[in-house]
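So the structure is just underneath, and the comments pick up after that.
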Protein chains: 2
Amino acid sequence: MSHTLGIRQAQKQKTRQAFLDAALTLLEEQSLSSLGLREVTRAVGVAPTAFYRHFRSTADLGVALVDEALGSLHPMVRTTVSTTGDSEERIARAVELIAGHVAAHPAHVRFIARERHGGVQPVREAIRAQLQRFAEEVKAELAKDPEAVGWSDDDLLMLAHLYVDQMLITASLFLEALEGPEEERERVTRLATRQLRLITIGRGHWLD
Amino acid sequence: MSHTLGIRQAQKQKTRQAFLDAALTLLEEQSLSSLGLREVTRAVGVAPTAFYRHFRSTADLGVALVDEALGSLHPMVRTTVSTTGDSEERIARAVELIAGHVAAHPAHVRFIARERHGGVQPVREAIRAQLQRFAEEVKAELAKDPEAVGWSDDDLLMLAHLYVDQMLITASLFLEALEGPEEERERVTRLATRQLRLITIGRGHWLD
DNA sequence: TCATCCAGTTAACAACTGTTCTCTGGAATT
DNA sequence: AATTCCAGAGAACAGTTGTTAACTGGATGA
């Protein structure tokens, strides 16, 4: 079913990806609402009007970036929460996984953190929808756990949102610590680990 | 010691406040990094060059807005955490207080949520510093509680950050629910209450 | 092979940006 | 009363912006 794209379609997708990459780089030092169309085309090395062949507006480009940044992350989140083992091990693994993802894709993480509450409505909406999906997936995994017996669906979703928000806060802290010394990242790891631990303890005594 | 300002100084402060107000309004639909100097002066009804009499740049204006939005909030946070009574009552009161603040100052809350991870470094730094202060103040209040015996300073600060971040997340949710029906705000209240409850439970069993 | 398609180009548009320098008129100081 | 000060005005600057229209030339499909 994997139809080899024609030369034309392939070249178009290549240019489109160049737009996304250039935009992501430019967005490291500004917000999407100040990103100019000409600014992006200049960075790609293409005429300003070429932009319209791929996106209706910079907001449209932003929505595409949300999909790139979060779309491929769902499998990872699923397996993170569902991995078996001691809860302490699971926490450590989750924190390391976040740290690794931030180190591997800092610009993507920065973009999501920045535009989650940013000045472009369609982008905020796209991020909100993806995070909602994350929360529901986390909830589904939590429901499998033997600890979840007696929990209402509402409470499970409440906990899932707590975990998802905590994941974003932690990612943002790792991002700030990226340029600094290893010691700084170690501090974030310790902080995030203990916060997750406290939440997990609360989870364990929820039904008392 | 309250020296009555001269006509001149008074008028200057009035204009300065007009800049802050106009900027805050404009920032409801965009980020600071896209806010133009001329845009603000136009909204105030003053010549573009007048801007420089008050601020070096829009980033400078942003820092002033951070102080306006968060500077006067410290007493409130202090009393919120320290109020006596059942922990369940305290949680309910804290959530209501957040809801009230968001309803009273939505633009300020939106500005902080947006620019906390926004594209203007000095503003991010100013917000970070204020939130650090909040966390330390919350920690100081937590330390007074009998429940805090046996807790290390590090763990208290960890918990304080958890509360502060949770406060911001809740404020942001109330903001999104502002335009919607009362029912929506009720949903946020229930969610935030239960999340705080879970954290508080975790706190109670931390030393087990 | 030939007609069609379409990603990217070129040129031009009115409108906008931040910043400079010079000026003004009323408040503040002496 | 005479002088200094200074918040704001005015005009001009070189650059920038998004969007339009008409185009080119190589890939595509008949």
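We use all heavy atoms of the structure for the numbers below, so side chains are in, but hydrogens, waters and symmetry mates are not. Throughout, a chain's letter reflects where its sequence line sits, starting with A, and its residues are numbered from 1.
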| field | Closest non-hydrogen atom pair between B/Arg185 and B/Phe174, with its separation | value | O-CE2, 3.7 Å

| query | What pair of heavy atoms forms the shortest contact from B/Ala18 to B/Val44, and how long is it? | reply | O-CG2, 3.6 Å

Protein-nucleotide distance ([X], atom [atom1]; [N], atom [atom2]), rounded to Å:
{"X": "A/Phe55", "N": "C/dG8", "atom1": "CZ", "atom2": "C1'", "result": "15 Å"}
{"X": "B/Phe51", "N": "D/dG8", "atom1": "CZ", "atom2": "C1'", "result": "14 Å"}
{"X": "A/Asp60", "N": "D/dG18", "atom1": "CG", "atom2": "P", "result": "15 Å"}
{"X": "A/Leu61", "N": "D/dG18", "atom1": "CG", "atom2": "P", "result": "12 Å"}
{"X": "B/Glu39", "N": "C/dA15", "atom1": "CD", "atom2": "C1'", "result": "14 Å"}
{"X": "B/Arg16", "N": "D/dA7", "atom1": "CZ", "atom2": "P", "result": "13 Å"}
{"X": "B/Lys12", "N": "D/dA9", "atom1": "NZ", "atom2": "P", "result": "14 Å"}

[X] bridged to [Y] by N-O distance under 4.0 Å:
{"X": "B/Asp165", "Y": "B/Arg116", "value": "yes"}
{"X": "A/Glu96", "Y": "A/Arg93", "value": "no"}
{"X": "B/Arg133", "Y": "B/Glu137", "value": "yes"}

| task | If the plane angle is over 60° it's perpendicular, under 30° parallel, otherwise tilted; pick one for B/Phe19 and B/Phe51. | result | perpendicular

Can you pull every protein N or O that's under 3.5 Å from an N or O on nucleotides 27-30 of chain D?
{"unit_1": "D/dA27", "atom_1": "N3", "unit_2": "A/Arg8", "atom_2": "NH1", "d": "3.2"}
{"unit_1": "D/dT28", "atom_1": "OP1", "unit_2": "A/Ile7", "atom_2": "N", "d": "2.9"}
{"unit_1": "D/dT28", "atom_1": "OP1", "unit_2": "A/Arg8", "atom_2": "N", "d": "3.3"}

| Donor on one side chain, acceptor on other, B/Glu136 and B/Gln132, under 3.5 Å | yes

| If you measure only the distance, is there a donor-acceptor pair under 3.5 Å linking the side chains of B/His161 and A/Gln195? | no

| Once Watson-Crick and G-U wobble pairs under 3.5 Å are found, how is DNA chain D written in dot-bracket notation, 5' to 3', with | for any base paired to another strand? | ||||||||||||.||||.||||||||||||

| task | With sequence neighbours excluded, give me every salt bridge (Lys or Arg N to Asp or Glu O under 4.0 Å) pair touching residues 36-60 of chain A. | result | none

| Among D/dA9, C/dG8, C/dT10, the one nearest B/Val46 by side-chain distance | D/dA9

| field | Under the side-chain hydrogen bond (donor to acceptor under 3.5 Å, both in side chains) test, residues paired with B/Arg190 that sit two or more places apart | value | A/Asp154

| request: Identify, between B/Ala47 and A/Leu35, the residue whose nearest nucleotide on DNA chain D lies closer to the 5' end. | output: B/Ala47

| request: Look at all strands and tell whether A/Arg42 reaches a base, only sugar-phosphate, or nothing, counting heavy atoms closer than 4.0 Å. | output: sugar-phosphate

Polar atom pairs between nucleotides 19-23 of chain C and protein, under 3.5 Å, N or O only, would you list them?
{"unit_1": "C/dT19", "atom_1": "OP2", "unit_2": "B/Tyr52", "atom_2": "OH", "d": "2.6"}
{"unit_1": "C/dT19", "atom_1": "O5'", "unit_2": "B/Tyr52", "atom_2": "OH", "d": "3.3"}
{"unit_1": "C/dT19", "atom_1": "O4", "unit_2": "B/Arg38", "atom_2": "NH1", "d": "3.3"}

Tabulate below the donor-acceptor pairs under 3.5 Å that side-chain atoms of residues 104-113 of chain B make, not counting sequence neighbours, or state none.
{"unit_1": "B/His108", "atom_1": "NE2", "unit_2": "B/Glu68", "atom_2": "OE2", "d": "2.8"}
{"unit_1": "B/Arg110", "atom_1": "NH1", "unit_2": "B/Glu28", "atom_2": "OE1", "d": "3.2"}

